Trainee: 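Here you go, one structure.
The first residue in the sequence is number 1, and the count goes up from there. In this text the structure is predicted, and so the values were computed from the model without any measurement.
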Amino acid sequence: MITLNRKNSTEALIHVLFWVLFTFVSLFVFTKYYWAENPFLQYFFILVVIVYTNNQILLPYFVKKKWYVWYSLLFILISFLATQLYCNVFTRCGCTIMKCLSDYLWQTLTPLLFFSFIWILFKYIDQSEEVEKIKQERTTMELKFLKSQINPHVLFNNLNTIYSYSLEKPDNTPDLILKLSDNLKHVLYESNAEKVSLQKEIQFLDNYITFHKIRTEGLKQIKYSTFSDNDTYTIAPLLLITIIENAFKHSSVNSVINIDIIAKNNTLVCITTNSFDKKTIKNNNTIGLGNLKKRLDLLYKDNYKLDIDSSNVFKVTLNLNLS
């Protein structure tokens, strides 16, 4: 990957070499003029202004607007007028329009076409580097997130829960083992995909919440509901767990945790509310949610809205476009 300094140096070198070569050829062609009287040397500075006005202003503007036809017409007009200016003002050849274009158009058209191509080439390189950077950031964040989900501490707590049930409620133990197995499978294998079925993701959350209900029984009340009007929705894996995990981790003892997930009309809304300790909210809650926002920016740029309200209770609302 070309670094910023190396890329700028390469681009500058290309510009310098072209102008040196182009000037040499132009002066060599017009041998009948003395160097001091050569009209190209006078026209050269106007040509530079035309070329870099095109590169810095016209080309970026029209490409951004996707007005390719209009730009092509303007490009032709500029080339024509610049050639007529050179022909009639500087060389004063007195030739016809067609003869003028035939003899002198190349001197305007060559640098315009060349530097337009160079601009497009380096823009493509910039976009490729940006896409690659986003992919690398996404991969890094995904790996960090996956590691956090298979944290040995979390796994240890779940295994302790299963062990307790094997002593107190042995009939329920196989079901808990199956839930833990399903979640590990989802984290380790299914979450490698760019998107997974929303149903599978909710099943993962169901199992996760089940373990929390068991561990916090008598300490916290969990109200959890889900709804979906379509079985074909897909979502980035392990996206909602951060919001739910945050509600569990930082909620007060003897409190109520509300979790509502609604998927309707290609829009998913996830809302969690929980009481919290204001002394720890700034240091703890915002870290995980900050990482979530970065992940949302990578995966759902301009297609999500994340609101965090900590006025009375801690409320997180995520609106996500699933289409």
Trainee: Could you check whether any side-chain heavy atom of Leu159 comes within less than 4.5 Å of a side-chain heavy atom of Leu180, counting everything from C-beta outward?
Mentor: yes
Trainee: Are Leu306 and Leu322 joined in one hydrophobic group, where the rule is that I, L, V, M, F, W and Y side chains link up if heavy atoms are under 4.5 Å apart?
Mentor: yes
Trainee: Taking side chain as C-beta onward, heavy atoms only, is Tyr163 less than 4.5 Å from Thr173?
Mentor: no
Trainee: Who are the side chain to side chain contact (heavy atoms under 4.5 Å, CB included) partners of Lys64, not counting sequence neighbours?
Mentor: none
Trainee: Are Phe122 and Ile125 close enough that some pair of their side-chain heavy atoms sits under 4.5 Å apart?
Mentor: yes
Trainee: Where the side chain of Asn230 meets the backbone of Thr232, is there a donor-acceptor pair that is under 3.5 Å apart?
Mentor: yes
Trainee: Test His212 against Tyr224 for ring pair (Phe, Tyr, Trp, His ring centres under 6.0 Å), laying out the working first.
Mentor: CA-CA 12 Å; His212 269 282; Tyr224 169 61; over 10 Å; no
Trainee: Is it the case that more than 12 heavy atoms not belonging to Tyr68 sit under 6.0 Å from its OH atom?
Mentor: yes
Trainee: Do the side chains of Ile235 and Val269 join up, straight or via other hydrophobic residues, at under 4.5 Å, putting them in one cluster?
Mentor: no
Trainee: Is it true that Leu112 and Val20 fall in one hydrophobic cluster, defined by side-chain heavy atoms closer than 4.5 Å?
Mentor: no
Trainee: Say whether Asn274 and Ser255, considering side chains only, have a donor N or O and an acceptor N or O under 3.5 Å apart.
Mentor: no
Trainee: On a heavy-atom basis, which atom in Val63 and which in Trp119 lie closest, and how many Å separate them?
Mentor: CG2-CZ3, 3.9 Å
Trainee: Which residues end up grouped with Ile76 if you chain together Ile, Leu, Val, Met, Phe, Trp and Tyr wherever their side-chain heavy atoms are less than 4.5 Å apart?
Mentor: none
Trainee: With a 4.5 Å cut-off on side-chain heavy atoms, are Ile244 and Leu205 touching?
Mentor: yes
Trainee: Testing the 3.5 Å rule here: is there a donor-acceptor pair between the side chains of Ser311 and Asp309?
Mentor: yes
Trainee: Do the side chains of Ile202 and Ile262 join up, straight or via other hydrophobic residues, at under 4.5 Å, putting them in one cluster?
Mentor: no
Trainee: Any non-hydrogen side-chain atom of Trp67 less than 4.5 Å from a side-chain atom of Tyr61?
Mentor: yes
Trainee: Go through the steps for Leu318 and Tyr300 under the test side-chain contact (heavy atoms from CB on, under 4.5 Å), then give the verdict.
Mentor: CA-CA 12 Å; Leu318 172 64; Tyr300 291 94; over 6 Å; no
Trainee: Taking atom OG1 of Thr317 and atom CD1 of Ile271, what is their separation to the nearest 0.5 Å?
Mentor: 4.5 Å
Trainee: Are the side chain of Ser251 and the backbone of Phe248 linked by a donor-acceptor contact shorter than 3.5 Å?
Mentor: yes
Trainee: Would you call Phe75 and Leu113 a side-chain contact if the rule is heavy atoms closer than 4.5 Å?
Mentor: yes
Trainee: Quick check for you: to the nearest 0.5 Å, what is the distance between Asp182 atom CG and Lys179 atom NZ?
Mentor: 8.0 Å
Trainee: Shortest non-hydrogen contact from Leu238 to Arg295?
Mentor: O-NH1, 3.0 Å
Trainee: Tell me, yes or no, whether the heavy-atom count around Tyr52 atom OH, taken from other residues, nucleotides or ligands under 6.0 Å, exceeds 12.
Mentor: yes
Trainee: Judged by atom type as modelled, is there a donor-acceptor pair below 3.5 Å linking the side chain of Gln221 to the main-chain atoms of Ile257?
Mentor: no
Trainee: Would Val196 and Phe204 count as a side-chain contact (heavy atoms from CB on, under 4.5 Å) if you check the C-alpha gap in whole Å, the side-chain angles of each, and the deciding distance to 0.1 Å?
Mentor: CA-CA 11 Å; Val196 297; Phe204 168 76; over 6 Å; no
Trainee: Would Leu240 and Leu320 satisfy side-chain contact (heavy atoms from CB on, under 4.5 Å), going step by step from the backbone distance to the final call?
Mentor: CA-CA 11 Å; Leu240 305 179; Leu320 197 64; 5.5 Å; no
Trainee: With side chains defined as the heavy atoms from C-beta onward, is the minimum distance between His15 and Ile118 less than 4.5 Å?
Mentor: yes
Trainee: So which heavy atom on Asn258 is nearest to which on Val256, and how close?
Mentor: ND2-CG1, 3.9 Å
Trainee: Roughly how far apart are Thr273 OG1 and Asn312 CG, rounded to 0.5 Å?
Mentor: 11.5 Å
Trainee: Considering only heavy atoms from C-beta outward, does the side chain of Leu292 approach that of Leu239 to under 4.5 Å?
Mentor: yes
Trainee: For Glu245, does its backbone N or O pair with a side-chain atom of Tyr208 as donor and acceptor, under 3.5 Å?
Mentor: no
Trainee: Kindly compute the distance separating OG1 (Thr242) from CG (Leu296), expressed to the nearest 0.5 Å.
Mentor: 9.0 Å
Trainee: If Ile, Leu, Val, Met, Phe, Trp and Tyr residues are connected whenever their side-chain heavy atoms lie under 4.5 Å apart, and connections chain through other members, are Val49 and Ile78 in the same group?
Mentor: no
Trainee: Check step by step if side-chain contact (heavy atoms from CB on, under 4.5 Å) holds for Phe314 and Ile308.
Mentor: CA-CA 7 Å; Phe314 196 85; Ile308 302 173; 3.5 Å; yes
Trainee: Looking at residues at least two apart in the chain, or sitting in another chain, which of them share a ring-ring contact (aromatic ring centres under 6.0 Å, His included) with Phe18?
Mentor: Phe22, Phe114, Phe115
Trainee: Which atom names give the shortest non-hydrogen contact between Phe44 and Thr23, and what distance separates them?
Mentor: CE1-OG1, 3.5 Å
Trainee: Check Ala236 against Lys195 and note the closest heavy-atom contact, atom names and distance.
Mentor: N-CG, 4.1 Å
Trainee: To check you understand the geometry: which heavy-atom pair defines the closest contact between Leu176 and Phe211, and what is its length?
Mentor: O-CZ, 3.5 Å
